[in-house]
Structure formats: C-alpha cells, structure tokens
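In what follows, chains carry the letters A, B, and so on, assigned in the order in which the sequence lines appear, proteins first and then strands, with residues in each chain numbered from 1.
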Amino acid sequence: MRDLYIKNTLTRKKELFKPLNAPLVGMYVCGPTVYGDAHLGHARPGIVFDVMRRYLSYSGYKVRFVRNITDVGHLVGDGDQGEDKIQKKAKLEKLEPMEVVQHYTLRYHQNMDALNCLPPSIEPCASGHITEQIQMIEKILQAGYAYEVNGSVYFDVPKYNTHHHYGKLSGRKIEDLLEQTRSLEGGDEKRHPTDFALWKKAAKEHLMHWPSPWSEGFPGWHLECSVMSTKYLGEHFDIHGGGMDLLFPHHECEIAQSVGASGKEPVKYWVHNNMITINGQKMGKSLGNFITLDELFEGNHKLLEQAYSPMTIRFFILGAHYSSTLDFSNEALLAAQKGFERLVNGYSVLQNLKASENSSVEIKPILDKCFAALDDDFNTPICIAELFGLVKIIQNASRNNAQLSLADLKLLKHNFDVILFEILGLELPKDSKDKSASNQDDLMQLIIELRKNAKENKDYATSDLIRDKLSELSIQLKDSRDGTTWEKT
RNA sequence: GGUCACGUGGCCGAGUGGUUAGGCAGUGGUCUGCAACACCAUCUACGGCGGUUCGAAUCCGUCCGUGACCUCCA
C-alpha cells in the first residue's frame, strides 16, 4: 500500500493515513436533512467523499461508508420558538412528516445515483435510532456532563470544558464563545449559552415525538451523528467527513457528546469539504441562492444558460481541490463540459490505438504522478491535469506523432480505466457506451461508406447533405486520415 | 466584534523558495473539397508596500479587498 496523506481538521496538518484496524476503514459522512431537493452544494460532499471512499477501496482497504439521513430534529429559526424543518414542510404541504422524509430521500438517492456516487454501506436515519439516542443521553447524564430541566436534557458545556477542550476542532475557546454567543432570550432553560439540547420536550402541536425517561419529546440536533457513528463504526473510528459549515457547532458537539458518553475521542481524521460559491457567496438554502441538481440537469433555472449533465457536474467538482471554495458560473461549467468531452474523446481514441515496437514517450512516470496526486490529500485537480497529459500522448500516438509499445499501451489502457472510472467515478456518456450494442453502428458504417463514395466522385452536394442531416440528428462525423468515425453529440 | 481562510493570466482552477500545472476562451498554423473533430505552436499571472534570501508568486511583516463560521445550512 502506498502512503496516503490526509489533511486533518483537528490538527490542521496533512497526516499519514494509518487506519485503526487495517485493512478495515470506518468512514462517516454527514448526509442531508431531507426537507428539500438537493442542490449543487450537496453534490460536493457527495462526490468528494465518494472519491475518497473509492480511492481507499482501490488502495486495498475494506471501507465501511456510513452516511446518515437526518429526518428529525433540526429546528428552524432562533431558539426555542423554532420549528422542526421537516414538520414545517409537512404542515405546509399537508403531509405526514414521514411522507416528506420518504419523498426527499428518494429524490436525494436519484440525484446521487445520477452523479454516480456509490450508495453508502449503511444509511441510517435519526428516527430509526431513538432508543440508541436515549441510551447515549443516559450515559452522558451518568458521566455528569448533562442536566435535565422540565423534561429536556442539555449538554453541560462549561463542565465538559473543565476536563476537555470544547472548541478544539473549530479552534475556539469557551471564553470567546461566551462573549460572542447571542444573549439568551428570557425563560431559556439552558444554564449556559453554549449548552446544547440532547433531548427536547415536545410542545403539544409538535408532530414528531417519542417517549423517553424525561418527557415525550425528540432528540437534539447533534446527537444522531454521535449515536449512529458509534453504533456502526465504534467509539473510535477513522474518518469523519462533512461540509465546513458543519464544523461548528455540529461536529464540535459531536466530539463533546462522544467523549462525554464514552470518554473516548471518536474520530481520528476529520475531513471537511469547502463550499460552492455563486458570485463569491456561499450557495445555501438559507441564502436562497441555490440551484438544485434537477434544475442543473434540466437547465431549468434563470441563472443557467443550458443544461449540464451529471458527469459535467462531477467533473466540475473534481476540477477543484475539495478544501477550496469553488465558484459556480455558466462559463466554468461549460469549460468543465468541454474538458470532460476532451477526456472522453481521448479515452475512445485510446481504445483503437495500435501498438508499436517501442515507446517514444514515457507512460509510467505520468501514471505515477496521477496516483501521487491522489495520495496527497486526494488532489483530484492535479490527477486530472496529468490525465490530460496522457490524452495529448494518446492523440499524438493516433497521428503517429508518438509511439507506444504493447506493454505501455496495456499499462495506459488499464490505468486510464482505473483512474477515470473506478477512482474518479466518471462515466462515459450513455450513448457512446451503447453504441456498439445495437446495429446502429453497422448502419452508420453503411452511411459513411456512401458518403465516401460521393466524395470520391466529387459529389460534394451529396456528401455534405449526409453530414448536415446527420448533424441535425445529433450525430457528428469525424474525418481523419484513417477514415471516418462518428459519435453522438 | 471574535476565530479562520483566501486574493494567481479573459474565465475556472492547481502549485509553491530557483524548472510548462491543467481545462475553457483567444491567436497563428497543420489536416480537410469546404468544414467539424483532432493535433502543433503561441499570448495574457501570481492584490499593494516593505523585509528575509544569491534568488519569492511561494517565507515574514503590514496595508487593502473578499469570504466562511460564531444561528439551521453540504
């Protein structure tokens, strides 16, 4: 196994990846709250953690990838007056809360599938782990890091902070937090502004509630991730991922809860993806400046000049390092689309390449660079840049401006496949994949033959007619020295 | 206000103490009956000002600008 380095948010350093129980790797990623369609921002963690997971698998690890579905408990608005997001949506649409959950979970799955993100090994939902959440609260209470008030249970942050460092992940100090935290509204049950709810007593009109030792209520915002990661990956596991916006308070609270309950540090490597921006500003639900994935796939949004395929989106996202912000624009997306086409083009040319006696170029060093890039904190943009270098060689070889030995050609074919499909998870456009499966190709060969005859007879009217009509049918003819090929556009 | 990032050529986006990132767009060529595709060549660069150094876009300081988190957010 090669050495893989991962930037750990906890230490702010790139660290050599050493799994706790090699070859097993436990990976937990925060999934969506299912109360609305997934947008471009959701695609990013979906894709970048998919590539991490794929690369770890490729590298020989046996990965258990857990990604939750949040279907309960996130409050809207400020303080206690807030409403459960899913409940709010349910009331709005006159649905059962679980209907909302089911609907958006399905749509999320469809989107992730379109983006060719592999499904998680386990996809637990919060509502299915109420018992476990109650058990964890009991543990935290026993440890003395929580207190009950009027049927609700809160995590005692100042007390926790006397034994541990609350704020170490996000680089905060509790004293600073105290100064900056918004002042509490009157009647708050919390003893300290930084305390957070583990269990909330449900108001009468609250639709989603469960029995507990403290009250009929529902679990707090951050608890599900601690509970479900512990249940499926253990009290101490390898990788926890999520968006940077979850760093504080969500992930900070997760650490506090887990340490509070078990005394053990839950996560070895914390990994955070950066945000997608639009006009330099974060794309987010609360800002209302988001574009849903369906809108992108269909080109159905006022900011979009055209539709962009899921693979264009995937390629676009992999073109930037996960830790950098990535700015959305039609121009950038179009560049990604064209770039991806170039890569696909290179791939299909590669399939028909003939081997020479010797190689005039070196393949292995470039492939090594691809893997070295991925080993360096999953640097997909550099990996892709090297791939373009290979495309140049492939194109040159097809024009006899470069030669590849049989061994090199085999090496290139195999690894181009591995990197493009297995690791980066890109897919060829459906049409070109199905091309050989039908008799379409035979028909096309006939048409190409007829056009060739016309050209030889200098009957350019006929040859251009064929070309133009095919073009209208979204079929592009590609003339080269060795004859004509075709592809769907 | 606190904490933390970032500022790269027309656009997107890597990288980093001395060597071409890459893609898209542009320009010139090759190919073509004309094109498209493809290929070759080529042009725009590291926010301002200081400092360290033989040498900085890369390190340090400072100023300016932008953003994120501090409230649910991927």
Touch class at under 4.0 angstrom, heavy-atom based, for [X] against every strand present:
X	result
A:Ile276	base
A:Glu386	nothing
A:Met244	nothing
A:Ser324	sugar-phosphate
A:Asp479	base
A:Lys173	nothing
A:His321	sugar-phosphate
A:Ala385	base
A:Leu387	nothing
A:Lys282	base
A:Asn379	sugar-phosphate
A:Asp464	base
A:Gly41	base

Cation-pi check, A:Lys7 to A:Phe378: give yes when NZ or CZ is under 6.0 Å from the six-membered ring centre and within 45° of the ring axis, no otherwise.
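Relative to the ring axis of A:Phe378, which defines the angle, A:Lys7 lies outside at least one limit.
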Work out how far the [atom1] atom of [N] is from that of [M], and round it to whole angstrom.
N	M	atom1	value
B:rU53	B:rG1	C1'	38 Å
B:rC63	B:rG22	P	37 Å
B:rG55	B:rG51	P	12 Å
B:rC24	B:rG18	C1'	30 Å
B:rU44	B:rG26	C1'	10 Å
B:rC69	B:rA74	P	12 Å
B:rA56	B:rU19	P	11 Å
B:rG17	B:rU3	C1'	30 Å

Looking at the side chain of [X], which of [options] is the nearest nucleotide?
X	options	answer
A:Arg467	B:rG33, B:rC24, B:rA14	B:rG33
A:Ala335	B:rC24, B:rA21, B:rC39	B:rC24
A:Lys455	B:rG13, B:rC37, B:rG33	B:rG33
A:Lys85	B:rA35, B:rC24, B:rC73	B:rC73
A:Pro45	B:rA74, B:rG33, B:rC12	B:rA74
A:Ala320	B:rG13, B:rG10, B:rA74	B:rG13
A:Gln476	B:rA36, B:rA35, B:rC39	B:rA36
A:Asn345	B:rC40, B:rA74, B:rC37	B:rC37
A:Leu246	B:rA74, B:rA14, B:rC34	B:rA74
A:Phe388	B:rC12, B:rA74, B:rG22	B:rG22

Value for CD1 (A:Ile239) from CG (A:Leu233), rounded to nearest 0.5 Å, stands at 10.5 Å
Stacking of A:Tyr460 on B:rG33 base (centres under 5.5 Å, planes under 30°)
yes
Counting neighbours of [atom1] on [X] that are heavy atoms of other residues, nucleotides or ligands and sit closer than 6.0 Å, is the number greater than 12?
X	atom1	result
A:Lys369	NZ	no
A:Lys91	NZ	yes
A:Gln445	CD	yes

Looking only at side-chain N and O atoms, does [X] come under 4.0 Å of OP1 or OP2 in [N]?
X	N	result
A:Asn401	B:rC40	no
A:Arg342	B:rG23	yes
A:Thr277	B:rG67	no

Is the closest basic N to carboxylate O distance between A:Lys364 and A:Asp408 below 4.0 Å?
no
Using a strict threshold of under 4.0 Å (side-chain N to carboxylate O), is an ion pair present between A:Lys455 and A:Asp479?
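The answer is yes: the pair qualifies as a salt bridge.
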5'-most contact on RNA chain B: A:Phe248 or A:Arg399, nearest heavy atom basis?
A:Arg399
Measure from [atom1] on [X] to [atom2] on [N] and round the result to the nearest Å.
X	N	atom1	atom2	result
A:Gln395	B:rC37	CD	C1'	9 Å
A:Glu224	B:rC73	CD	P	9 Å
A:Lys338	B:rC37	NZ	C1'	13 Å
A:Ile393	B:rC39	CD1	C1'	14 Å
A:Met283	B:rA68	CE	P	13 Å

Any strand counts, and the cut-off is 3.5 Å on both contacts for Watson-Crick or G-U wobble. Which nucleotide pairs with [N]?
N	answer
B:rG7	B:rC64
B:rC46	none
B:rA56	none
B:rC39	B:rG29
B:rU19	none
B:rG1	B:rC70

Tell me if the aromatic rings of A:Tyr308 and A:Phe297 count as close, with their centers under 6.0 Å from one another.
no
With no hydrogens and no angle check, do the side chains of A:Tyr232 and A:His129 hold a donor and an acceptor under 3.5 Å apart?
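Distance-only check passes for A:Tyr232 and A:His129.
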Hey, are the side chains of A:Cys225 and A:Cys30 touching, using non-hydrogen atoms and a 4.5 Å cut-off?
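Sidechains of A:Cys30 and A:Cys225: in contact.
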